[in-house]
Amino acid sequence: MLISATGRPISVGQLLNKMAGRDNRDGRDGRDSRGLDDPPNSRLFILCQKGTTEQEFRDAFDKFGTIEDIWIIKDKRTNEDRGIVYIKFSKTSEAMQAMEEMNGRALPGTNKGLKVVVANSKRDGSTRDPREDERLVRLFVIIPKHFSEQTLREEFSKYGDVESVTVLKDRNTGESKGFGYVRYFKPLHAAMAYENCDSSFRPKFAEPQRSRDERDEIENHGFTHHSGAGQKRMYEDELHPPGFFNTEVQAFPSRNFHLGTGPMEILSEYPATNTGSRLIIQAPIGLTQGYLSKLFNIIPGMEYCDLNETTGVAYARYSSPQCAAYARDKLNGFEYPLGSPIHVQMADENVRQEFPMNVDNNNFSHFGNQFGSFPAPGASPMEAIDIRQKAAMILEKAGINPHNLFSFAAAGVGSVGDGRKERVPYCNIPLPPPQPTVAEDGKNLAQRLFIVCQPSGVSERVLKDAFCRFGNLIDVYLLSGRNYGYAKFASKDCAMKAIETLHGQTLAGQKLKVLEAEPPKTHPVHGGMQGDEGPSKKQRL
DNA sequence: CGACGGGACGC
DNA sequence: CGACGGGACGC
């Protein structure tokens with residue numbers, strides 16, 4: 001169970017949505033390739049002289065980058081031009097540059113200066129925020145613990161003039177908490193940093209600091225849900241009400257790439273033999289057209305993706321053989337539901353082609369070998385994680401429930417809740433049925449387990465599904481990029497059952513070690529009592 | 001061998 | 001000077 005900043009449980013989807021600043025109430029139906037605010041601050045709101053044509057806007061604005069959409073507002077009844085236009089760019093920096101250059105300027109043949117500002121999200125409507133550019137100049141970043149404010153400033157001065165930096169520190173010890181803020185003078189510079197800094201900084205546009213009351217208001221109406229939901233069975237936890245999670249996932253956040261180099265340019269370097277741009281796909285039965293298209297649309301350049309829902313066979317085409325090869329390498333073997341890989345191969349190859357034998361099946365923690373030969377500048381292991389995670393998010397949204405598909409057939413009808421074990425597709429032995437996880441409350445941690453997956457990691461979904469079956473699971477995770485991690489239980493008995501059952505078994509093809517965890521390496525506590533009694537019970541766990 | 005995640009600012 | 005639509009189809 002993930003815990004939000006407020007100590008409430010939060011689902012993976014919610015967390016990712018929240019981190020991406022996505023609008024969970026923007027009830028669009030997902031046909032757009034992207035949300036309106038994706039990437040953030042990439043859409044401009046412009047006041048202009050009435051009667052200006054789309055072409056005139058295009059001529060004036062396309063030098064700043066890729067325009068994804070121009071929309072001139074007209075009165076619904078009278079069809080009268082209201083002198084308002086939205087222009088959506090593909091990148092934040094493009095929008096910032098356009099804003100900087102065009103605000104106040106008159107278009108050729110007009111005499112009215114434009115007013116150009118970043119558009120509010122649809123939800124916020126026309127409310128004018130006095131802290132408007134506060135949102136545009138300040139980044140929240142995750143930093144190594146040893147980073148000083150000096151180091152942080154130097155690092156981010158690469159992208160423009162830094163006004164100030166802050167590293168958050170523990171109030172008592174003065175140690176860095178591992179994150180900070182960087183404030184630029186200009187929105188364009190913040191955008192450059194957002195797009196081009198190393199992805200390990202996980203940059204986000206910082207929310208303006210709010211008063212306590214404002215924060216509480218958001219807690220009550222916002223993204224987090226309450227502890228009661230923690231009693232739900234897993235997977236149900238991941239199903240979202242209509243409109244909740246519809247913003248299309250952006251596969252290639254522009255920050256992964258250097259300036260002036262889009263995903264398509266980078267993919268033009270991807271190794272591909274001349275086997276065409278078309279893929280043939282065998283998808284699990286039950287997956288719908290819409291979700292499969294979204295899945296393959298993660299990879300840039302998809303032109304179409306048609307599924308025969310009866311047979312599960314689909315064809316997809318990309319704009320280049322490189323894009324197609326990349327899609328094949330990233331998505332072939334991806335398992336959904338767990339244990340049901342999606343098969344992807346070139347549709348038109350005359351010569352049989354070798355496929356990577358070591359397919360990185362839904363393995364978010366393992367940096368797959370596919371990236372070893374991928375020469376893209378800025379390509380990082382993070383991308384491998386991004387793509388797999390996004391794929392999992394999309395397919396989880398499809399609502400296919402692995403238990404529905406497998407438990408019935410294997411465990412027999414009506415055999416729920418009697419303690420009998422069932423076959424699960426990702427594990428070599430039968431396991432007890434899933435049980436609810438419990439929220440961590442600061443006091444209920446009873447036993448921690450140390451987990452090693454060899455030779456490489458297992459997805460968090462699989463881990464959770466396996467470890468929740470012993471009851472009273474609080475959370476299980478692997479350290480990012482590692483093949484080891486921890487499970488936290490609110491009951492020692494349940495934890496010991498997990499060891500007994502899972503130690504030495506295989507999950508998603510990986511051999512598992514499950515041991516009682518050693519006490520965590522704790523930082524020296526200043527000013528506390530450190531007598532002979534050793535750490536308290538809580539510290540030992 | 002395999003040992004400690006994320007992370008939101010004391011307006 | 002101030003706020004939210006329409007889309008389409010291919011191998």
Side-chain angles (χ1 to χ4, degrees), chain A residues 2-6 10 15 18-19 26 28-29 31-33 36 43-50 69-74 76 82-86 88 112-115 117 119-128 138-143 145 166-169 171 176-181 183 202 204-215 218 276-280 293 302-306 314-319 347-348 365 448-455 457 460 475-486 488 513-523 541:
Chain A
L2 293 157
I3 304 297
S4 75
T6 58
I10 184 169
L15 186 69
K18 185 178 153 127
M19 291 192 309
D26 189 7
R28 298 169 69 79
D29 61 11
R31 278 174 293 173
D32 280 332
S33 62
L36 294 174
R43 195 174 61 128
L44 300 176
F45 172 82
I46 298 168
L47 297 177
C48 55
Q49 183 171 308
K50 291 175 180 151
D69 192 28
I70 297 183
W71 174 25
I72 298 170
I73 302 290
K74 301 231 165 68
K76 280 195 191 74
R82 298 172 64 186
I84 294 170
V85 62
Y86 291 97
K88 170 75 174 69
K112 180 187 155 90
L114 302 177
K115 179 165 180 179
V117 298
N120 287 344
S121 76
K122 220 166 187 171
R123 195 181 81 217
D124 295 346
S126 61
T127 55
R128 284 154 98 171
R138 211 169 60 116
L139 296 181
F140 172 74
V141 291
I142 304 296
I143 53 180
K145 288 280 205 294
T166 316
V167 170
L168 279 93
K169 305 187 185 82
R171 214 161 296 113
S176 167
K177 290 165 94 169
F179 51 88
Y181 294 90
R183 181 193 292 269
R202 307 224 155 225
K204 290 167 196 118
F205 285 93
E207 286 297 314
Q209 205 163 346
R210 296 171 193 275
S211 71
R212 184 63 193 257
D213 290 353
E214 286 173 305
R215 274 202 298 273
I218 290 170
S277 308
R278 220 161 60 104
L279 301 175
I280 181 166
S293 308
M302 191 194 80
E303 291 177 354
Y304 65 84
C305 176
D306 273 355
Y315 288 89
R317 186 149 94 167
Y318 284 82
S319 56
D348 304 313
S365 311
R448 258 167 26 109
L449 304 181
F450 179 60
I451 299 164
V452 186
C453 308
Q454 284 167 325
E460 183 165 299
D475 194 15
V476 53
Y477 60 89
L478 299 185
L479 300 192
S480 99
R482 301 280 144 89
N483 67 334
Y484 55 83
Y486 298 88
K488 298 199 265 191
K513 290 184 183 177
V514 186
L515 317 165
E516 291 185 64
E518 296 295 322
K521 197 171 74 179
T522 52
H523 301 292
L541 301 168

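Lettering follows sequence order; numbering is per chain, from 1.
If you find the closest nucleotide of DNA chain B to A/Tyr477 and to A/Phe450, the one lying nearer the 5' end belongs to A/Phe450. Mapping A/Gly113 and A/Asp306 onto DNA chain C by nearest heavy atom places A/Gly113 closer to the 5' end of the strand.
When distances are taken from the side chain of A/Arg138 to each of B/dG7, B/dC9, B/dA3, the shortest belongs to B/dC9. Of the candidates B/dA3, C/dC4, B/dC9, B/dC9 carries the atom nearest the A/Gln209 side chain, counting heavy atoms from C-beta on. For A/Phe140, whose side chain is taken as the heavy atoms from C-beta onward, the closest listed nucleotide among C/dG5, C/dA3, B/dG7 is B/dG7. Considering only the side chain of A/Ile73, C/dC4 comes nearest among B/dC9, B/dG2, C/dC4. Distance from the side chain of A/Val452 is smallest for B/dG2 among the nucleotides B/dG2, C/dC11, B/dG7. Closest approach to the A/Lys76 side chain among B/dC9, C/dG5, C/dG10 is made by C/dG5 (side chain taken as heavy atoms from C-beta onward). In the set C/dC11, B/dG2, B/dG7, the nucleotide with an atom closest to the side chain of A/Phe179 is B/dG7. Comparing C/dA3, C/dC11, C/dG5 by their closest approach to the side chain of A/Tyr304 singles out C/dC11. Set against B/dG7, B/dC4, C/dC1, the side chain of A/Ile142 has B/dG7 as its closest nucleotide. Here the nucleotide nearest the side chain of A/Ala517, chosen from C/dC1, C/dC11, B/dA3, is B/dA3.
With rounding to the nearest 0.5 angstrom, the CG atom of A/Leu168 is 8.5 Å from the CD1 atom of A/Ile143. Interatomic distance, CD1 of A/Ile72 versus OH of A/Tyr86, reported as 13.0 Å (0.5 Å rounding). Atoms NZ and CD1, from A/Lys513 and A/Ile451 in turn, are 13.5 Å apart once rounded to the nearest 0.5 Å.
Note: OH (A/Tyr86) to P (C/dG6) measures 14 Å, nearest angstrom. Across the protein-nucleic acid pair, A/Asp475 atom CG and B/dG5 atom C1' stand 9 Å apart, rounded to whole Å. Atom CD1 of A/Ile70 and atom P of C/dG6 are 17 Å apart (whole Å). Atom CD1 in A/Ile451 sits about 12 Å away from atom C1' in B/dC4, given to the nearest Å. Rounded to an integer number of Å, the gap from NZ of A/Lys204 to P of B/dG6 is 10 Å. Rounded to a whole Å, the CG atom of A/Leu478 is 12 Å from the C1' atom of B/dG2. In this entry the distance linking CG of A/Leu36 with P of C/dA3 reads 17 Å, nearest Å. Rounding to whole angstrom units, CG of residue A/Leu139 and P of B/dG7 are separated by 16 Å.
No engagement by A/Lys169 is indicated, since no non-hydrogen atom pair under 4.0 Å with the nucleic acid exists. At the heavy-atom level, A/Ala119 lies under 4.0 Å from base atoms of the strands shown.
Put simply, A/Tyr486 does not rest on the base of B/dG5: the two rings are not both less than 5.5 Å apart at their centres and under 30° in tilt. Once the 5.5 Å centre distance and the 30° plane angle are applied, the aromatic ring of A/Tyr484 is found not to be stacked with the base of B/dA3. Between the side-chain ring of A/Tyr181 and the base of B/dC9, a stacking contact exists by the 5.5 Å and 30° definition.
In C/dC9 the O4'-C1'-N dihedral to the base is within 90° of 0, which defines a syn nucleotide. Taking the O4'-C1'-N9-C4 or O4'-C1'-N1-C2 dihedral as appropriate, B/dC1 has a value more than 90° from 0 and is therefore anti.
The backbone N or O of A/Phe140 lies less than 3.5 Å from no partner atom in the side chain of A/Arg202, so there is not a single donor-acceptor pair.
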Pair A/Asn483-A/Val452, side chain to side chain contact (heavy atoms under 4.5 Å, CB included): steps then yes or no = CA-CA 6 Å; A/Asn483 67 334; A/Val452 186; 4.2 Å; yes

Checking side chain to side chain contact (heavy atoms under 4.5 Å, CB included) for the pair A/Leu44/A/Val117: CA distance, chi angles, key distance, verdict?
-> CA-CA 6 Å; A/Leu44 300 176; A/Val117 298; over 6 Å; no

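Checked by distance alone, A/Arg482 brings no side-chain donor or acceptor within 3.5 Å of a matching partner on the base of B/dC4. A/Arg183 contributes no side-chain N or O that forms a donor-acceptor pair with the base of B/dC9 under 3.5 Å. Between the side chain of A/Lys177 and the base of B/dG7, no donor-acceptor pair under 3.5 Å is found. Remark: the A/Asp69 side chain and the C/dG5 base include a donor-acceptor N/O pair separated by less than 3.5 Å.
Here the side chains of A/Lys88 and A/Leu36 are not in contact, with every heavy-atom distance at 4.5 Å or above.
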